[in-house]
Amino acid sequence: MGRRSYAPFPPELLVESEGDSQVMKPGRSYTIGRDPLSDIVCTDPRVSWQHAVLRPGEHSWVLEDTGSTNGTYADGQRARLVGPVSVGPGSVLRFANPDDGPQARLSGAPSQPERAVPASAETPSATGAFRQPTAVRPLPVRTLRIGRALGNDLVVDDLVVSRAHAELRTLPGGGYEIVDMGSHNGTYLNGQRIQRSQVRPGDIIGVGHSAFRLVGDELQEFVDTGEVSLTVQELTVAVDGGRRTLLDHVSFPVGEKCLLAVVGPSGAGKSTLLGALTGLRPADHGTVLYDGRDLYRNYAELRQRIGLVPQEDILHTQLSVRRALEYAAELRFPGDTGKAERLARVTEVVADLGLRARVDQPISSLSGGQRKRVSVALELLTKPSLLFLDEPTSGLDPGMDRSVMHMLRALADDGRTVIVVTHSVLSLDACDRLLVLAPGGRIAYYGPPREALPFFGFAQWPEAFEAFESDTRRDWAAQYRASPLCRVYITDAMEVRRPAASPARAIAAPRKPQSWASQLRTLVRRYTAVLSVDRTFLVIMVVLPFVMGTMARALAGGRLTPTTAMNALLILCVGGVLTGAANAVRELVKERVIYQRERAVGLSRSAYLFSKIVVLGAVTVVQAVVLTMVGLVGVTLGVKGGAAGLPPLAELTVTVALLSFTAMMFGLLISALVRREEVTMPLLVMVTIVQVVFCGALLTLHGVPGLDQFSWLVPARWALGAMAGTVDLHRIVPGALTADPLFRHSPGTWVLDVIMLVVLSAAAGFVVRALLRGHEPATMRG
């Protein structure tokens, strides 16, 4: 293939193919193939994905075969055998077969060609990229009921739509209003969630994957089938007060059913771009158009059509594939979705991703590639039109790498746009487009993967990545902007619908798709199922209270004496702290990625936290009761009644249970505070030591400035005080240490000690909730 020439000397051509026609202008190349992103699309299966290209030569157009399987023919000549063939007005091109293959006829372009505009193109930003309505129906005389149930006037067959979702009502004075009927995923007017609002001509009503528009005396329906485009315009992200730029005016188009790979060296802005495209971390400036609609402005509605698969697993790996997906479906679908409907959708995505044979296996037992398929299956439950994946092949061997990329290729072919951020370059040939980001968040290349290395002038990708880091004098972005490739794949491709770029708007947090109570019930059931199959947790849960209780009983002997009383109560404190804190210290940090993803699709922060408190609290209280019973049943406590008038053993049990529960809350606090699971155990040890030192059993704390005040924040301080008051410890062991006012055998002191444990628990819960907010996507921090 000779040196390419992009000089704009050839005449404009009119190309007619498969009932369509378009004008080819000199100054850019035109691709031909089965790829939906091709300029001339041939759907015949004999045509290769990327079959041929028409390029402007010095004086005429040139047809080049790009390695097709069945060949390209121009007026009977096979282009691959004789080299590039000159073509022009009157030429007939054949693809895949010289006799009956799909053909394209070339003729001279009219001086001012007119292009037909679809009837629905009057307001493209409202419904998308110039689409014809799926259905048109007359406007209602009085009320039009919209929902998933068959009894509605307008039935929307979509699981994210409630059975009775909304009503379009005629107003007495003329006009219409849309009323949400308590739907779980909301009704939207021009991208904003509403309860009741007047509808004007041209307004867009969003219900699930459908949009409705009033035009004259008709209601037009547009269904998002997944074949959507994405247009990225001038995205800019800066940090440190604008001194450091992470994304620098990034613009590119992504066509329907496109598989786009985003690559680049570390620090090039790939993760920042992913956050901007998904709306989780909006860009400072610029626009993302979802099929012509401003993603940031319409995020509350469009977020339901975006799927995101992070690098880490977003499912509880202890569960089987089926159970994990069923719980996810409960959280993501409306509460009125029947179990049979949810199971049918789970079965469908399992079959689509080739997981039928693995559906009852624990996710933890699957290979890396299969686990990634399960994460993708989770996102496909709600049929997203845009699917984003962050490093899906990280840690996989080359075979699994290729398998995952070909799975993504199939997902795109099935009718959705897929964007994958990756470090792997092994399977870029499966992608339609490749975006290469250079350091500083600038576009170094955008176009077909096969043209990237020749453009950079390297034979292998490692050489190119090394050059990005070492050749700092080369302006990669400027080189690409000045190239014909930029004109072909960005400038020309985006000029059809290029509204002026505008600063990104702040995105309001979308509302949760289900009621708080419904989410809590599902989360409690799921978390109980996860813990029930966690063998390590079960062993610790059963063994620890028995071990600590046995130690307390050994120290107490048959009765509390001056020698044994303090040590026995101290062991009960240590046991309560360990059982509670050990239960919870890993539970939030190990699920952080799962929480972040579920929060992004509407999970309630407080429902999530309460599910942990309910399940772990129940387990912790049972352990505390076992600990106290094992340690003290049959031991003579030396008092007839407790400090508050209850039986002494009952008071001690309540105190240990409250201490364990408070320690559990402090364990959640540690888990919410740390970034890595492995640091939780050292912190657990440190917290336990602090409880022992500052509980009042080893040091005189009352009246010591600093130490006394600090001890108020230590749950064991109040718990030991309550237990000491119950058994009247100062009577058993007279001395300065036991003369602490918190150890008094009086109802008021015991109640104070108990109330302080409750206060510390509540305070820890508020702090945990605030820390959870800090780990959430920016759009959910409401």
Side-chain angles (χ1 to χ4, degrees), residues 1-2 4-6 8 10-57 60-109 113 115 229 253-259 409 412-413 429-434 446-452 454 484-485 487-490 492-493 496:
M1 194 175 295
R4 298 171 184 170
S5 173
Y6 294 89
E12 292 186 1
L13 290 179
L14 180 65
V15 184
E16 298 179 88
S17 174
E18 295 194 355
D20 194 11
S21 64
Q22 66 172 300
V23 175
M24 297 198 314
K25 297 181 180 181
R28 58 161 293 193
S29 300
Y30 292 81
T31 56
I32 305 167
R34 256 184 23 257
D35 182 353
L37 298 177
S38 299
D39 297 294
I40 302 172
V41 179
C42 297
T43 57
D44 192 298
R46 295 172 295 175
V47 175
S48 297
W49 190 256
Q50 294 171 343
H51 196 100
V53 64
L54 275 166
R55 305 184 186 280
S60 65
W61 289 86
V62 176
L63 176 67
E64 296 180 8
D65 187 276
T66 54
S68 68
T69 302
N70 296 314
T72 303
Y73 305 87
D75 299 324
Q77 288 184 302
R78 184 167 182 176
R80 191 168 63 179
L81 297 179
V82 301
V85 176
S86 296
V87 296
S91 296
V92 177
L93 313 183
R94 289 275 188 180
F95 310 105
N97 189 290
D99 299 319
D100 62 355
Q103 70 173 4
R105 293 183 176 273
L106 309 183
S107 60
R115 183 175 179 178
S229 63
V254 186
E256 301 172 5
K257 301 170 68 174
C258 175
L259 174 56
R409 171 74 269 162
D413 293 340
D429 59 326
C431 302
D432 303 305
R433 291 290 183 264
L434 173 65
Y446 181 79
R450 59 183 172 79
E451 296 190 34
L485 294 173
R487 294 198 302 273
V488 171
Y489 296 113
I490 294 183
D492 292 348
V496 174

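Every heavy atom of this structure was used, including side-chain atoms; hydrogens, water molecules and symmetry mates were not.
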I'd like to check the salt bridge (charged side-chain N to carboxylate O under 4.0 Å, His left out) partners of [X]; sequence neighbours left out, ordered by chain and number.
X      : result
Asp429 : Arg402
Asp100 : Arg46
Arg94  : none

**Q.** Main-chain N/O of His51 paired with Thr66 side-chain donor or acceptor, under 3.5 Å
**A.**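 Judged by distance alone, yes, a pair lies under 3.5 Å.
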Considering all heavy atoms, the nearest [X]-[Y] contact:
X      : Y     : answer
Gly71  : Asp65 : C-OD2, 3.7 Å
Ala104 : Val15 : CB-CG1, 4.1 Å
Phe95  : Leu93 : CZ-CB, 3.9 Å
Val87  : Ala74 : CG1-CB, 3.9 Å

Q: Name all residues meeting the ring pair (Phe, Tyr, Trp, His ring centres under 6.0 Å) criterion together with Tyr446; count only those two or more places apart in sequence or in a different chain, and write none if there are none.
A: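 Partners of Tyr446 under the ring pair (Phe, Tyr, Trp, His ring centres under 6.0 Å) test: Phe252.
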**Q.** Residue pair Val254 / Ser229, side-chain heavy-atom distance below 4.5 Å
**A.**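 In short, these two side chains do not touch, never coming nearer than 4.5 Å.
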Q. Are any of the side-chain heavy atoms of Trp61 and Pro56 separated by less than 4.5 Å?
A.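 A side-chain contact exists here, since the closest heavy-atom pair is under 4.5 Å.
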Q: State which residues pass side chain to side chain donor-acceptor pair (under 3.5 Å) with Tyr489; sequence neighbours excluded, sorted by chain then number.
A: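 Side chain to side chain donor-acceptor pair (under 3.5 Å) check on Tyr489 returns Glu451.
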With sequence neighbours excluded, tell me which residues meet side-chain contact (heavy atoms from CB on, under 4.5 Å) with [X].
X      : answer
Ala412 : Leu259, Arg409, Val418
Pro449 : Leu428, Cys431, Leu434
Ala52  : Ile32, Leu63, Thr72

(Q) Let's go through Val92 and Asp75 carefully: what are the C-alpha distance in whole Å and the side-chain angles of both, what is the deciding distance for side-chain contact (heavy atoms from CB on, under 4.5 Å) to 0.1 Å, and is it a yes or a no? (A) CA-CA 6 Å; Val92 177; Asp75 299 324; 4.1 Å; yes
Q: Look up atom CG in Leu106 and atom CE in Met24, then write down how far apart they are to the nearest 0.5 Å.
A: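 With rounding to 0.5 Å, CG (Leu106) is 5.5 Å from CE (Met24).
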